[in-house]
There are 2 protein chains.
Amino acid sequence: MARTPVPGTRDTILTAAAGLFYRYGVRAVGMAQVVEVAGCGKNLLYRHFPSKADLAAAYLTLARREREQATAAALRWANGPAEQLVALVAEIAESTRRPGYRGCAFRNYLTEFPGATDEPARVARGYLADSRAVVDRLVAELGGDALLADRIWLIVDGLHSGPPEQARVALDWITELVRR
Amino acid sequence: MARTPVPGTRDTILTAAAGLFYRYGVRAVGMAQVVEVAGCGKNLLYRHFPSKADLAAAYLTLARREREQATAAALRWANGPAEQLVALVAEIAESTRRPGYRGCAFRNYLTEFPGATDEPARVARGYLADSRAVVDRLVAELGGDALLADRIWLIVDGLHSGPPEQARVALDWITELVRR
DNA sequence: GTCTATACTTCGATAGAC
DNA sequence: GTCTATCGAAGTATAGAC
């Protein structure tokens with residue numbers, strides 16, 4: 001009897017991989033570990049993701065989707081560029097305070113693979129660039145100059161790599177900058 | 001005939017390792033690669049550094065010494081806490097603009113080995129904590145509050161992980177914050 | 001006695017085969 | 001799903017040059 005392929009297998013594998021990659025780093029996690037946590041055979045994993053780079057790229061793409069959804073949700077209740085900028089940073093600040101937070105997945109990947117030009121690196125750089133572009137757009141709508149955008153991005157960068165205690169400091173500061 | 005031990009061998013090896021570790025990451029660089037670049041035998045390497053962790057710890061300790069020397073040199077010409085804070089950040093900003101800059105060695109290590117508690121990790125966390133303490137002390141001397149110290153540290157964090165173009169933005173901002 | 005070079009061991013990784 | 005081929009890495013041991 002032909003066995004019905006289980007739907008959502010790809011998601012199961014990807015979720016397991018994402019958890020491990022984010023927590024321990026992409027380099028530190030082996031495919032065997034992913035198989036173990038996903039509870040599937042090695043066969044299936046390599047069927048869905050022909051190489052580790054493919055899996056890493058999918059992991060970062062998933063992370064991107066999650067970030068974008070969280071951002072969109074945060075922006076939903078904000079009116080105008082000022083509120084939107086605050087909401088944007090507030091969402092990041094909040095995420096850094098969640099248990100298990102280990103920094104920005106995209107920045108982490110680029111630190112683990114400096115100078116990489118493979119697919120995961122492209123996904124990571126792409127997200128960072130697009131993310132920065134959103135800030136630029138909102139600042140422009142606000143009527144702010146390039147300096148304000150640079151400063152906000154500087155805080156966002158610091159927020160991602162600093163300790164979670166910085167979350168409130170960053171948020172308050174952004175609020176102050178934007179309201180002015 | 002007894003051969004005279006070459007002095008400075010340890011430094012030669014360490015310099016080679018440091019260059020590789022910083023550029024490509026500690027995980028990505030193998031001991032064989034270090035041997036190759038250092039131009040010595042494997043035996044000698046393991047005599048001076050019994051394990052890769054020892055070598056990594058020595059690399060970060062060297063990085064710390066270099067940072068401290070650069071910081072001390074920058075602080076030498078500064079009078080009072082305000083000027084010293086500016087000089088401190090100016091030195092960091094300048095360093096991020098040097099060719100070959102690949103981020104903060106200590107933050108990078110901790111990103112490569114999240115949650116590590118080995119000797120290199122202790123060195124990295126130690127430097128970061130001491131570095132932060134210097135900022136706190138200078139801010140206190142300046143008569144500033146904890147918020148100002150947090151904000152300065154936020155900028156320093158952002159400066160380390162952001163693009164080099166942020167250097168001037170960060171420096172100007174610190175100057176403005178401290179002069180007030 | 002100190003160094004280089006190299007062979008070797010063990011281990012874990014990716015990836016593919018069955 | 002297990003089994004295996006292949007590779008690279010850490011670390012050790014040995015042989016030989018100076």
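Keep in mind that this is a model prediction, so the values were computed, not measured. Numbers restart at 1 for each chain; the letters A, B, ... are given by sequence-line order, proteins then strands.
Nucleic acid contact for A/Val29: sugar-phosphate only, since backbone atoms but no base atoms lie under 4.0 Å from a heavy atom of the residue. As judged by a 4.0 angstrom heavy-atom cut-off over every strand, B/Gly39 is placed among residues touching the sugar-phosphate backbone only. No contact: B/Arg27 has no heavy atom under 4.0 Å from any strand. Within 4.0 Å of A/Cys40, counting heavy atoms only, lies no atom of the nucleic acid at all.
Taking the ring centre of A/Phe113 as origin, the terminal cationic atom of A/Arg27 falls inside the region bounded by 6.0 Å and 45° from the ring axis.
A straight line from NE2 of B/His48 to P of D/dT12 spans 16 Å, rounded to a whole angstrom. Rounded to an integer number of Å, the gap from B/Leu45 CG to D/dG11 P is 10 Å. Counting to the nearest Å, the C1' atom of C/dT2 and the CZ atom of B/Arg10 are 18 Å from each other. Computed from coordinates, the B/Leu44 CG to C/dT6 C1' distance equals 16 Å when rounded to whole Å.
B/Asn108 and B/Thr111 form no side-chain donor-acceptor contact under 3.5 Å, judged by distance and modelled atom types alone.
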Can you give me the N/O atom pairs linking the protein to nucleotides 15-18 of chain C at distances under 3.5 Å, or say none if there are none?
unit_1, atom_1, unit_2, atom_2, d
C/dA15, OP2, A/Lys52, N, 2.8
C/dA15, N6, A/Lys42, NZ, 2.3
C/dC18, N4, A/Asn43, ND2, 2.8

Which is it for A/Ser51 and A/Asp54 under the side chain to side chain donor-acceptor pair (under 3.5 Å) test, yes or no, and what are the steps along the way? CA-CA 5 Å; A/Ser51 76; A/Asp54 290 314; 3.0 Å; yes
